[in-house]
Amino acid sequence: MTVEHIRTQLEQIAEQLDDLAMSALRDAVEEGATTRPEEEKKLTRARRSVEKAISILEA
């Protein structure tokens with residue numbers, strides 16, 4: 001396993017987290033929510049953390 005392989009996996013995870021966050025937002029809008037759901041906030045924080053790890057590995 002190489003750093004490049006791990007970085008690629010992290011990029012895929014970041015995309016999956018983004019998809020889940022968008023789904024949570026869509027669901028909240030459909031349910032009439034007027035604020036961001038906690039689930040979306042957690043998923044967004046996790047995605048940002050993964051993106052930070054990606055940038056560290058690129059350095």
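Numbering starts at 1 and runs along the sequence shown. In what follows, every heavy atom counts, from backbone to side chain, and hydrogens, waters and symmetry copies are set aside.
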Inset, instruction - Just jot down the side-chain hydrogen bond (donor to acceptor under 3.5 Å, both in side chains) partners of Glu51, sequence neighbours excluded, or say none. - result: Arg47
Inset, instruction - Could you tell me which residues satisfy salt bridge (Lys or Arg N to Asp or Glu O under 4.0 Å) with Glu11, sequence neighbours excluded, listed by chain and number? - result: Arg7
Legend entry - With sequence neighbours excluded, residues passing salt bridge (Lys or Arg N to Asp or Glu O under 4.0 Å) with Lys41: Glu38
Legend entry - Listed once per pair and sorted, the side-chain hydrogen bond (donor to acceptor under 3.5 Å, both in side chains) pairs that draw on residues 22-35, sequence neighbours left out: none
Legend entry - Closest contact, heavy atoms only, Glu40 versus Ala24: CB-CB, 4.1 Å
Inset, instruction - Sequence neighbours left out, what passes side-chain contact (heavy atoms from CB on, under 4.5 Å) with Thr2? Give chain and number order. - result: Glu4, His5
Inset, instruction - Under 4.5 Å between side-chain heavy atoms, chaining through other members, with only Ile, Leu, Val, Met, Phe, Trp and Tyr counted: pull out the rest of the cluster around Leu17, sorted by chain and number. - result: Met1, Val3, Ile6, Leu10, Ile13, Leu20, Leu43, Val50, Ile54, Leu57
